[in-house]
**Student:** 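Have a look at this one.
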There are 2 protein chains.
Amino acid sequence: MMHLNNLYETLRERRETLGVTQLHLAELSGVALRTLKEIESGKGNPTAETLSKLADVMGMDLKLEIRKPAV
Amino acid sequence: MMHLNNLYETLRERRETLGVTQLHLAELSGVALRTLKEIESGKGNPTAETLSKLADVMGMDLKLEIRKPAV
DNA sequence: GCTTATAGTGCGTTATAATGCCTTTTTTAC
DNA sequence: GTAAAAAAGGCATTATAACGCACTATAAGC
């Protein structure tokens, strides 16, 4: 895919911080377990809606922001 | 879809700020014009990769961040 | 008005995201 | 080390994103 690795890692880290399993997050978010697994393992190319469902339930926002120049 | 309206508006605003047409952005980003039109018009549910391609070329980042409580 | 550039949309095709089911692998707790 | 829980992954199906093409609508100039 691309370098969206940050996104996937961020999702996983957040999930682990919350102490919830993939299965539980799948149930809470309405995203299929199979889909969540693919996303966290860096395969797949999730849609904005799928990302948003996961973000929502974990208290996160999916957003676009102007890139800050590397200092 | 969802309330990803922010995302789409952000994309359009950024494009207009840069003074570039949909056609030009499509060429620069490698996202098909048809696809870009659908996104900006709020239809469609773009993939992370598509969003990322558009963001990249406009100097933006797609990111997930912990929601800030409404003050 | 007319012309041109830009944006919006209908329709069909192709590629692939989302999903379910089932099995394997890894991790965690005894 | 065994059992249970959690995660990873193969495979097939369904839903739909991405796309091309052609047409329409809406500015923006002149």
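Chain identifiers are assigned alphabetically (A, B, ...) following the order of the sequence lines, protein sequences preceding nucleic acid strands; residue numbering begins at 1 within each chain. Basis for what follows: all heavy atoms, side chains included, without hydrogens, waters or symmetry-related copies.
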**Student:** Rounded to the Å, how far apart are B/Glu49 CD and C/dT16 C1'?
**Tutor:**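 So the two atoms are 11 Å apart, to the nearest Å.
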**Student:** For A/Glu16 and B/Glu38, take the nucleotide of DNA chain D holding the closest heavy atom to each; which residue's nucleotide lies nearer the 5' end?
**Tutor:**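 It is A/Glu16, whose closest nucleotide lies nearer the 5' terminus.
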**Student:** Taking only Lys NZ, Arg NE, NH1 and NH2, and the carboxylate oxygens of Asp or Glu, determine whether B/Arg12 and B/Glu40 approach each other closer than 4.0 Å.
**Tutor:**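 Yes, charged N to carboxylate O under 4.0 Å.
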**Student:** Of the listed nucleotides (D/dG9, D/dA18, C/dA7), which one gets closest to any side-chain atom of B/Thr35?
**Tutor:**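 For B/Thr35, the side-chain atoms sit closest to D/dA18.
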**Student:** Look only at the side chain of A/Thr35 and the backbone of A/Val31, and say whether a donor-acceptor pair between them is shorter than 3.5 Å.
**Tutor:**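 Pair absent, no side-chain N/O of A/Thr35 close to backbone of A/Val31.
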**Student:** Give the rounded distance in Å between these two atoms: CD of B/Glu40 and C1' of C/dG8.
**Tutor:**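 Distance check: B/Glu40 CD to C/dG8 C1' gives 11 Å.
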**Student:** Rounding to an integer number of Å, can you tell me how far B/Leu36 CG sits from D/dC21 C1'?
**Tutor:**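 After rounding, the reported distance stands at 17 Å.
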**Student:** For a quick test of reading the model: is some side-chain N or O of A/Gln22 closer than 4.0 Å to OP1 or OP2 of D/dA8?
**Tutor:**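 Answer yes for this pair, as a side-chain N or O of A/Gln22 is under 4.0 Å from OP1 or OP2.
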**Student:** Look at A/Thr50 and C/dA18 and indicate whether a side-chain polar atom (N or O) is within less than 4.0 Å of OP1 or OP2.
**Tutor:**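 For A/Thr50, the contact criterion (side-chain N or O under 4.0 Å from OP1 or OP2 of C/dA18) is met.
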**Student:** Nearest whole angstrom, please: distance from the P of D/dA18 to the CG of B/Leu33.
**Tutor:**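 Taking atom P of D/dA18 as the reference, CG of B/Leu33 is at 14 Å.
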**Student:** OP1 or OP2 of C/dT6 versus the side-chain N and O atoms of B/Arg15: is any pair under 4.0 Å?
**Tutor:**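 No, because none of the side-chain N or O atoms of B/Arg15 sits under 4.0 Å from OP1 or OP2 of C/dT6.
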**Student:** Quickly work out the B/Leu51 CG to D/dA17 P distance and round it to whole Å.
**Tutor:**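 After rounding, the reported distance stands at 12 Å.
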**Student:** When you measure from the side chain of B/Thr21, which nucleotide among C/dA17, C/dG8, C/dT6 comes out closest?
**Tutor:**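 My answer, after comparing the listed nucleotides, is C/dT6.
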**Student:** Is B/His24 close to B/Thr21 at the side-chain level, that is, under 4.5 Å between some pair of heavy atoms?
**Tutor:**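 Counting from C-beta outward, B/Thr21 and B/His24 do come under 4.5 Å.
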**Student:** What is the distance, to the nearest angstrom, from the CD1 atom on B/Ile39 to the C1' atom on C/dT9?
**Tutor:**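 Checked: the CD1 to C1' distance equals 15 Å.
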**Student:** Between A/Arg15 (side chain) and A/Val20 (backbone), is there a donor-acceptor pair under 3.5 Å?
**Tutor:**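 Yes; at least one donor-acceptor contact below 3.5 Å.
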**Student:** Rounded to whole angstrom units, what separation is found between the CZ atom of A/Arg12 and the C1' atom of C/dT26?
**Tutor:**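 Rounding to the nearest Å, CZ of A/Arg12 and C1' of C/dT26 are 12 Å apart.
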**Student:** When the distance from CG of B/Asn45 to P of D/dA17 is rounded to whole Å, what number comes out?
**Tutor:**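 About 5 Å, once rounded to whole Å.
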**Student:** On a plain distance test, is the side chain of B/Arg34 in donor-acceptor contact with the base of C/dG8 below 3.5 Å?
**Tutor:**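 Check fails, no donor-acceptor contact within cut-off.
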**Student:** D/dA18 phosphate, OP1 or OP2: any side-chain N/O from B/Thr47 under 4.0 angstrom?
**Tutor:**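 Yes, B/Thr47 has a side-chain N/O under 4.0 Å of OP1/OP2 on D/dA18.
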**Student:** Taking all non-hydrogen atoms of both residues into account, name the closest pair between A/Ile39 and A/Pro46 and its distance.
**Tutor:**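 Here A/Ile39 and A/Pro46 meet closest at CD1-CB, 3.6 Å.
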**Student:** Would you tell me if any nitrogen or oxygen in the side chain of B/Lys37 comes within less than 4.0 Å of OP1 or OP2 on C/dT9?
**Tutor:**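 For B/Lys37, the contact criterion (side-chain N or O under 4.0 Å from OP1 or OP2 of C/dT9) is not met.
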